[in-house]
Amino acid sequence: MSERGLVIGEGNGIGFSSTENKLILENVKRILLTKRGERVKELEFGSSVKEYLFMPEINIDDVLLEVKNSIERCEPRVKVTEATLEYSQDEEFKVKITLQKLTDNTTISTEIGL
(Lines give C-alpha, C1' and ligand atoms only; values in the text may rest on other atoms or scores of the structure.)
Protein backbone atom coordinates (compact mmCIF):
# COMPACT_ATOMS: atom_id res chain seq x y z
CA MET A 1 0.00 0.00 0.00
CA SER A 2 1.44 3.33 -1.05
CA GLU A 3 0.45 6.39 0.93
CA ARG A 4 0.94 9.96 -0.13
CA GLY A 5 0.80 13.01 2.05
CA LEU A 6 2.07 16.57 2.22
CA VAL A 7 5.68 17.06 3.17
CA ILE A 8 7.43 20.32 3.88
CA GLY A 9 10.91 21.35 2.79
CA GLU A 10 11.62 19.15 -0.20
CA GLY A 11 13.35 21.48 -2.63
CA ASN A 12 10.65 23.99 -3.58
CA GLY A 13 8.69 24.09 -0.33
CA ILE A 14 5.60 21.91 -0.05
CA GLY A 15 5.08 18.72 -2.03
CA PHE A 16 3.77 15.19 -1.83
CA SER A 17 5.71 12.31 -0.31
CA SER A 18 6.85 9.75 -2.82
CA THR A 19 7.05 6.86 -0.36
CA GLU A 20 5.43 5.71 2.84
CA ASN A 21 8.81 5.98 4.59
CA LYS A 22 9.08 9.69 3.74
CA LEU A 23 5.55 10.26 4.99
CA ILE A 24 6.33 8.50 8.28
CA LEU A 25 9.51 10.55 8.75
CA GLU A 26 7.59 13.78 8.06
CA ASN A 27 4.94 12.75 10.60
CA VAL A 28 7.64 12.03 13.20
CA LYS A 29 9.12 15.48 12.61
CA ARG A 30 5.69 17.09 13.02
CA ILE A 31 5.08 15.14 16.22
CA LEU A 32 8.32 16.28 17.85
CA LEU A 33 8.05 19.91 16.71
CA THR A 34 4.40 20.34 17.73
CA LYS A 35 3.70 21.18 21.35
CA ARG A 36 1.17 18.81 22.92
CA GLY A 37 -2.19 20.54 23.20
CA GLU A 38 -1.40 22.94 20.34
CA ARG A 39 -3.73 21.28 17.82
CA VAL A 40 -7.44 21.93 18.24
CA LYS A 41 -9.44 18.67 18.56
CA GLU A 42 -6.18 16.69 18.71
CA LEU A 43 -4.91 17.70 22.12
CA GLU A 44 -2.81 14.54 22.57
CA PHE A 45 -0.92 15.10 19.30
CA GLY A 46 2.64 16.34 19.68
CA SER A 47 5.26 16.18 22.39
CA SER A 48 6.70 18.07 25.35
CA VAL A 49 10.30 17.59 24.22
CA LYS A 50 11.08 21.30 23.89
CA GLU A 51 9.79 21.94 27.41
CA TYR A 52 12.23 19.34 28.76
CA LEU A 53 15.13 20.92 26.88
CA PHE A 54 14.69 24.28 28.59
CA MET A 55 14.43 22.98 32.14
CA PRO A 56 17.28 24.05 34.44
CA GLU A 57 18.23 20.41 35.09
CA ILE A 58 17.92 18.38 31.90
CA ASN A 59 17.49 14.65 32.42
CA ILE A 60 18.41 13.04 29.09
CA ASP A 61 16.51 9.85 29.91
CA ASP A 62 13.30 11.84 30.43
CA VAL A 63 13.76 13.62 27.09
CA LEU A 64 14.33 10.35 25.23
CA LEU A 65 11.36 8.70 26.95
CA GLU A 66 9.16 11.61 25.86
CA VAL A 67 10.46 11.23 22.28
CA LYS A 68 9.67 7.51 22.28
CA ASN A 69 6.24 7.82 23.91
CA SER A 70 5.16 10.73 21.72
CA ILE A 71 6.12 9.02 18.47
CA GLU A 72 4.54 5.70 19.39
CA ARG A 73 1.33 7.41 20.61
CA CYS A 74 0.88 9.57 17.50
CA GLU A 75 2.36 7.37 14.74
CA PRO A 76 0.95 3.83 15.14
CA ARG A 77 2.85 2.43 12.13
CA VAL A 78 6.22 2.45 13.92
CA LYS A 79 8.07 1.47 17.07
CA VAL A 80 11.09 3.44 18.28
CA THR A 81 14.07 1.10 18.57
CA GLU A 82 16.70 3.71 19.40
CA ALA A 83 16.85 7.41 20.22
CA THR A 84 19.85 9.56 21.10
CA LEU A 85 20.19 13.25 21.89
CA GLU A 86 23.15 15.39 20.85
CA TYR A 87 24.07 18.98 21.58
CA SER A 88 26.03 20.51 18.71
CA GLN A 89 28.63 23.28 18.69
CA ASP A 90 26.10 25.67 17.13
CA GLU A 91 23.99 25.26 20.29
CA GLU A 92 21.29 23.09 18.75
CA PHE A 93 19.82 19.90 20.11
CA LYS A 94 19.47 17.06 17.63
CA VAL A 95 17.63 13.83 18.22
CA LYS A 96 18.60 10.78 16.16
CA ILE A 97 15.85 8.21 15.91
CA THR A 98 15.73 4.69 14.53
CA LEU A 99 12.25 3.34 13.81
CA GLN A 100 10.93 -0.10 12.96
CA LYS A 101 7.89 -0.17 10.71
CA LEU A 102 5.35 -2.59 12.16
CA THR A 103 3.90 -3.54 8.76
CA ASP A 104 7.06 -5.06 7.26
CA ASN A 105 9.74 -4.73 10.00
CA THR A 106 11.96 -2.46 7.90
CA THR A 107 14.15 0.05 9.68
CA ILE A 108 14.22 3.77 8.94
CA SER A 109 16.27 6.49 10.60
CA THR A 110 16.12 10.25 10.86
CA GLU A 111 17.77 13.18 12.60
CA ILE A 112 15.69 16.15 13.73
CA GLY A 113 16.93 19.48 15.03
CA LEU A 114 14.96 20.72 18.02
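If you read the sequence from its start, that first residue is 1, and numbering goes on from there. FYI, side chains are in, hydrogens and waters are out, and symmetry mates aren't considered; it's all heavy atoms of this structure.
A continuous path of Ile, Leu, Val, Met, Phe, Trp and Tyr side chains, each step under 4.5 Å between heavy atoms, connects Ile71 with Tyr52, placing both in one hydrophobic cluster. In terms of hydrophobic clustering, with Ile, Leu, Val, Met, Phe, Trp and Tyr side chains grouped at heavy-atom distances under 4.5 Å, Leu65 and Phe54 are assigned to different clusters. Linking Ile, Leu, Val, Met, Phe, Trp and Tyr residues whenever their side-chain heavy atoms come within less than 4.5 Å leaves Val49 and Leu43 in two separate clusters.
In this structure, CG in Leu102 is found 8.0 Å from CD in Glu72, a value given to the nearest 0.5 Å. The CZ atom of Arg36 sits 4.5 Å away from atom OG of Ser48, with the distance rounded to the nearest 0.5 Å. To the nearest 0.5 Å, the span separating CG on Leu25 from CD on Glu111 amounts to 12.5 Å. A distance of 9.0 Å separates CD in Glu66 from CG in Leu32, rounded to the nearest 0.5 Å. If you take CD on Gln100 and CD1 on Ile108, they are separated by 10.5 Å, rounding to the nearest 0.5 Å. Taken to the nearest 0.5 Å, the OG atom of Ser70 stands 12.5 Å off from the CD atom of Glu75.
In this structure, the side chains of Ile60 and Thr84 stay at 4.5 Å or more apart for every pair of heavy atoms. Thr107 has its side chain within reach of Thr98: a pair of non-hydrogen atoms, C-beta onward, lies under 4.5 Å apart. Contact check for Val80 versus Ile97: side-chain heavy atoms found under the 4.5 Å cut-off. For the pair Phe93 and Ile58, the minimum side-chain heavy-atom distance is below 4.5 Å. Side-chain contact between Leu85 and Leu64 is present, with heavy atoms from C-beta onward closer than 4.5 Å. The side-chain heavy atoms of Asn27 and Arg77, taken from C-beta on, include a pair separated by under 4.5 Å. In this structure, the side chains of Lys94 and Glu92 come closer than 4.5 Å at one or more pairs of heavy atoms.
Arg39 has no carboxylate O lying under 4.0 Å from a charged side-chain N of Glu44, or vice versa, which leaves the two without a salt bridge. One finds a salt bridge joining Arg30 and Glu26 here, because a Lys/Arg side-chain nitrogen approaches an Asp/Glu carboxylate oxygen to under 4.0 Å.
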Could you please spell out the steps behind the side-chain contact (heavy atoms from CB on, under 4.5 Å) verdict for Lys96 and Glu82?
-> CA-CA 8 Å; Lys96 294 182 179 183; Glu82 183 178 5; over 6 Å; no
Would Val78 and Ile24 count as a side-chain contact (heavy atoms from CB on, under 4.5 Å) if you check the C-alpha gap in whole Å, the side-chain angles of each, and the deciding distance to 0.1 Å?
-> CA-CA 8 Å; Val78 297; Ile24 289 171; 3.6 Å; yes
Verdict with supporting geometry, Asp90 and Ser88, side-chain hydrogen bond (donor to acceptor under 3.5 Å, both in side chains) | CA-CA 5 Å; Asp90 55 345; Ser88 64; 2.2 Å; yes
Please report the C-alpha distance between Lys29 and Leu33 in whole Å, then the side-chain angles of each, then the deciding distance to 0.1 Å, and finally whether the side-chain contact (heavy atoms from CB on, under 4.5 Å) criterion is met.
-> CA-CA 6 Å; Lys29 183 176 179 180; Leu33 297 179; 3.8 Å; yes
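Around NZ of Lys79, the count of heavy atoms belonging to other residues, nucleotides or ligands within 6.0 Å does not exceed 12.
In this model, a donor atom of one side chain and an acceptor atom of the other lie less than 3.5 Å apart for Thr106 and Asp104.
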